[in-house]
Amino acid sequence: MRLLCTFAAILLAMISNSEQVTAQQMPAPKSINDLVAWVKSHNKAPFDRDSAQIPKTATTFLKASPLSASAAAKFQNVKVNQDRNPWPKAEVGAAVDPSTGKNYVVMTNDFRENWDLEFYHVSTNGGKAWTDDAMVGGFDPYTGGIPLTFQSDPGVALDSVGHSVLSAITGNQVFDFVNGYENLDTEIEATIGNAGGTYTSLLPTVIDFQPCNGTFTGAFTCAIQLDKPLVTVDNVPGSPNIGTVYVYYTAFCLQPMPCVDGNATIPAFGSSILEAHSPGAGLPFGPPNLVSGQLGQEQFSDIVVDSHGVPHAFFDDFSTGVNINMYMSTFNGSSWVVNPTPIATFVPIGTASPTWVFRITGTIAPGCGIRGDTAYCAFSSNQVGTGPTETGMSVYLAIVNTQTAATKISRVNNDPFNDGKDHFFPWATATDNGVYVGWYDDRNDPFNTLVQYFVGKSKDGGTTFAKQIPVNDVPFNPCVGFPGCSFFGDYTQLVSGPDRVVHAAWSDTRDGASMQVWSQAITW
């Protein structure tokens with residue numbers, strides 16, 4: 001997931017070199033030009049590949065703050081990844097099978113091989129025991145079929161007949177100074193799993209591939225770069241499209257003329273949300289389609305399917321220069337149609353914590369669930385609409401009638417407004433027993449350093465969340481697991497099955513030395 005900026009700023013960043021942007025350093029921009037100028041001056045890496053490899057200059061980890069005696073275990077969490085090395089696992093994709101709820105798949109960015117790769121974990125007993133496997137990587141036709149160097153942005157979905165679908169972006173970060181060659185190719189890919197996702201294919205399915213390579217002094221081709229794919233399967237009983245697999249992502253156009261990708265045209269120096277779908281797991285995908293319409297500075301998408309089998313995409317628009325608008329787009333069977341009115345307008349300024357330096361730009365992305373025809377999209381911000389601004393980031397929920405686009409916004413975390421606390425990386429899910437949202441929260445640490453993974457439950461359709469409690473056994477310092485506190489992922493998905501069980505999985509540094517993934521089944 002890229003930095004929060006327009007693609008004009010990203011293009012400028014591709015030709016420079018400097019420091020990493022962190023969310024709490026970001027000022028509230030007065031115009032789109034201010035935002036572009038600020039990102040240009042702070043970000044000089046091609047994209048966010050600073051988090052694709054452990055920095056070679058890092059020699060020590062930050063130490064966790066001591067835990068109080070009151071931090072007693074209440075849930076007895078289960079460790080998801082089964083390796084025993086300290087390499088961090090950050091950014092959590094998850095899904096539960098829609099038939100029984102017993103098969104539960106979690107996938108993360110995993111640095112156990114130094115580069116960022118995707119590892120997935122399967123539980124067939126509701127999260128009590130886990131496997132440990134790697135997702136296959138992509139192969140680059142521009143380098144003779146050599147495997148691409150990294151994977152990122154895990155996405156997981158399961159269908160109702162025993163298949164899993166894993167999605168990721170695969171790409172290169174190759175700089176050959178001897179021969180003067182550079183390769184930053186990007187590829188969106190999916191891998192099909194069987195037997196409830198317990199094993200996956202040896203070959204990936206390529207959804208989209210875009211070259212970005214050439215010599216330092218000669219020809220260099222780089223029209224489009226791709227980012228942040230996620231995946232959704234239509235599991236709605238009676239749907240005319242049941243089993244359809246939707247893979248969706250952001251495409252950035254790097255040139256002064258519009259870019260064409262499949263059926264989509266992306267504005268010059270702009271970005272769009274694209275989608276490709278397959279009629280079923282293992283079947284061919286069609287060409288990419290344009291989801292975001294005429295809007296031209298789009299990032300961060302999520303798709304849900306309503307009770308009629310109609311998919312709805314939610315995404316963020318950065319065109320206004322100050323406010324961020326979240327839009328809904330609906331697929332009518334032949335094309336995507338964007339609702340003309342945003343479902344939410346908000347201004348993210350940054351976190352209040354003085355101790356974190358990892359980016360939190362992904363916290364503004366919609367993390368959505370659906371029940372019937374009502375979608376629930378969680379995001380974090382310092383201000384929503386014309387409401388008051390607070391120093392920390394709160395979690396908000398957009399409650400959307402997908403048939404009419406009527407929307408209501410509610411604040412999820414119930415600690416005092418503007419108390420200097422932060423709540424980030426939220427995700428929503430819904431069962432017939434209530435609406436649930438999960439997020440990281442530092443409200444219980446007076447020093448704004450230790451976080452807990454909270455889950456809140458609403459019994460009134462997402463309007464209020466009277467019950468919200470931390471589900472991790474002990475609080476932890478998110479800075480411990482990655483050198484320099486530079487990365488803690490971009491999202492953490494909360495999921496639920498037909499058995500009413502909600503499954504939380506999160507990155508956790510409770511051992512004081514590493515970042516691992518822990519989970520908890522929630523039945524309240």
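Quick note: residue numbers are just sequence positions, from 1. Values below: all heavy atoms of this structure, side chains included; hydrogens, waters and symmetry mates excluded.
- The side-chain heavy atoms of F269 and P256, taken from C-beta on, include a pair separated by under 4.5 Å.
- Counting only heavy atoms from C-beta outward, the side chains of E298 and S319 approach each other to under 4.5 Å.
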So F111 and M515, side-chain contact (heavy atoms from CB on, under 4.5 Å) or not? Walk me through it. CA-CA 10 Å; F111 294 81; M515 186 186 299; over 6 Å; no

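- Of the candidates N172, N213, T149, D140 forms a side-chain hydrogen bond (donor to acceptor under 3.5 Å, both in side chains) with just one, namely N172.
- Using a 4.5 Å heavy-atom cutoff, the side chains of D227 and T186 are not in contact.
- What you find for S271 and T250 is that their closest heavy atoms are CB-CG2, 4.1 Å.
- Distance check: I324 CD1 to F300 CZ gives 8.0 Å after rounding to the nearest 0.5 Å.
- Rounding to the nearest 0.5 angstrom, the gap separating the CH2 atom in W130 from the OG atom in S519 is 5.0 Å.
- The CZ atom of F150 sits 8.0 Å away from the CG atom of D116 when rounded to the nearest 0.5 Å.
- Legend: residues meeting salt bridge (charged side-chain N to carboxylate O under 4.0 Å, His left out) with D441, ordered by chain and number and at least two apart, are R443.
- Residues L290 and S272 come closest through the heavy atom pair CD1-CB, 3.7 Å.
- Distance alone, capped at 3.5 Å, places no donor-acceptor pair between the N477 side chain and the T509 backbone.
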Run the side-chain contact (heavy atoms from CB on, under 4.5 Å) test on D83 and K89 for me, step by step, so that the C-alpha distance in whole Å, both residues' side-chain angles and the decisive distance to 0.1 Å come before the verdict. CA-CA 11 Å; D83 64 306; K89 289 84 180 167; 2.7 Å; yes

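- Ring geometry for F488 against F358 counts as tilted: the plane angle lies between 30° and 60°, on a 0 to 90° scale.
- Across G145 and F139, no two heavy atoms sit closer than the pair O-CD2, 3.3 Å.
- Under the 4.0 Å criterion applied to side-chain N and carboxylate O atoms, D490 and K228 are not assigned as salt-bridge partners.
- Checking side-chain atoms of S381 against main-chain N and O of V347 turns up a donor-acceptor pair under 3.5 Å.
- Contact record, G270 with Q297: CA-NE2, 3.9 Å, taken as the closest heavy-atom pair.
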Atom pairs and distances, donor-acceptor, side-chain atoms in residues 281-289, under 3.5 Å, two or more places apart:
from : atom 1 : to   : atom 2 : distance (Å)
N289 : OD1    : N263 : ND2    : 2.9
N289 : ND2    : E275 : OE1    : 3.3

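- When atom types are taken as modelled, the side chain of Q82 and the backbone of V80 share a donor-acceptor pair closer than 3.5 angstrom.
- Around OH of Y181, the count of heavy atoms belonging to other residues, nucleotides or ligands within 6.0 Å exceeds 12.
- Atom CH2 of W518 is separated from atom CG of N472 by 11.0 Å, given to the nearest 0.5 angstrom.
- By the 4.5 Å heavy-atom criterion applied to side chains, Y120 and V156 are not counted as neighbours.
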Under the side chain to side chain donor-acceptor pair (under 3.5 Å) criterion, do Y248 and T232 qualify, and how do the steps go? CA-CA 9 Å; Y248 41 98; T232 297; 2.7 Å; yes

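- Looking at every heavy atom in both residues, P267 comes nearest to G296 through CG-CA, 3.8 Å.
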Check step by step if side-chain contact (heavy atoms from CB on, under 4.5 Å) holds for I303 and H277. CA-CA 12 Å; I303 286 180; H277 55 268; over 6 Å; no

Test side chain to side chain donor-acceptor pair (under 3.5 Å) on Q299 and D316 and set out the steps. CA-CA 5 Å; Q299 291 190 61; D316 288 345; over 6 Å; no

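- Side chain of D302 to backbone of C368: a donor-acceptor contact under 3.5 angstrom is found.
- Ring geometry for W336 versus F331: interplanar angle of 30 to 60°, hence tilted.
- A donor-acceptor distance shorter than 3.5 angstrom exists from the side chain of D97 to the backbone of N103, with no hydrogens or angles considered.
- Side-chain atoms of D442 do not come within 3.5 Å of backbone N or O of V451 as any donor-acceptor pair.
- A donor-acceptor pair is defined here as one N or O able to donate and one able to accept, closer than 3.5 Å; no such pair exists between the side chain of Q255 and the backbone of I224.
- In this pair, F216 and F177 present their aromatic rings tilted. The plane angle is within the 30 to 60° band.
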From CA spacing to verdict: side-chain contact (heavy atoms from CB on, under 4.5 Å), N77, W506: CA-CA 11 Å; N77 307 148; W506 62 92; 3.5 Å; yes

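- Under the side-chain hydrogen bond (donor to acceptor under 3.5 Å, both in side chains) test applied with T492, the options Y453, Y440, W427 reduce to a single match, Y440.
- The closest donor-acceptor contact from the side chain of S507 to the backbone of V517 lies at 3.5 Å or more, if one exists at all.
- The salt bridge (charged side-chain N to carboxylate O under 4.0 Å, His left out) check on D508 picks up R510, with sequence neighbours excluded.
- Side chain of S353 to backbone of T449: no donor-acceptor contact under 3.5 angstrom is found.
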For residues 201-209, run the donor-acceptor check on the side chains, cut-off 3.5 Å, and write out each pair with its distance to 0.1 Å, sequence neighbours left out.
from : atom 1 : to   : atom 2 : distance (Å)
S201 : OG     : L203 : N      : 3.0
S201 : OG     : L203 : O      : 2.9
D208 : OD1    : Q210 : NE2    : 3.0
D208 : OD2    : Y249 : OH     : 2.8

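- Between L295 and F315 the shortest side-chain heavy-atom distance falls below 4.5 Å.
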Stepwise side chain to side chain donor-acceptor pair (under 3.5 Å) test for T191 and T200: CA-CA 7 Å; T191 301; T200 55; over 6 Å; no

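- Rounded to the nearest 0.5 Å, atoms CG (L166) and CG (L158) are 8.5 Å apart.
- Taking the side chain as every heavy atom from C-beta outward, I188 and S167 never approach each other to under 4.5 Å.
- Here Y396 and F346 keep their ring centres 6.0 angstrom or further from each other.
- Within the 4.5 Å cutoff, no side-chain heavy atoms of E91 are placed close to those of T108.
- Tested against Y491 for a side-chain contact (heavy atoms from CB on, under 4.5 Å), the candidates T363, V92, L230 yield a single pass: L230.
- In this structure, T131 contributes its side chain and V122 its backbone to a donor-acceptor pair below 3.5 Å.
- Within the structure, no pair that satisfies the salt bridge (Lys or Arg N to Asp or Glu O under 4.0 Å) test touches residues 184-200, not counting sequence neighbours.
- Two residues are said to be in side-chain contact when any heavy atoms from C-beta on lie closer than 4.5 Å; Q452 and P475 meet this criterion.
- Under the salt bridge (charged side-chain N to carboxylate O under 4.0 Å, His left out) criterion, D511 pairs with no residue at all, not counting sequence neighbours.
- Pairing each heavy atom of N109 with each of S152, the nearest pair is OD1-CA, 3.5 Å.
- In this structure, CG on L117 lies 9.5 Å from CG on N114, to the nearest 0.5 angstrom.
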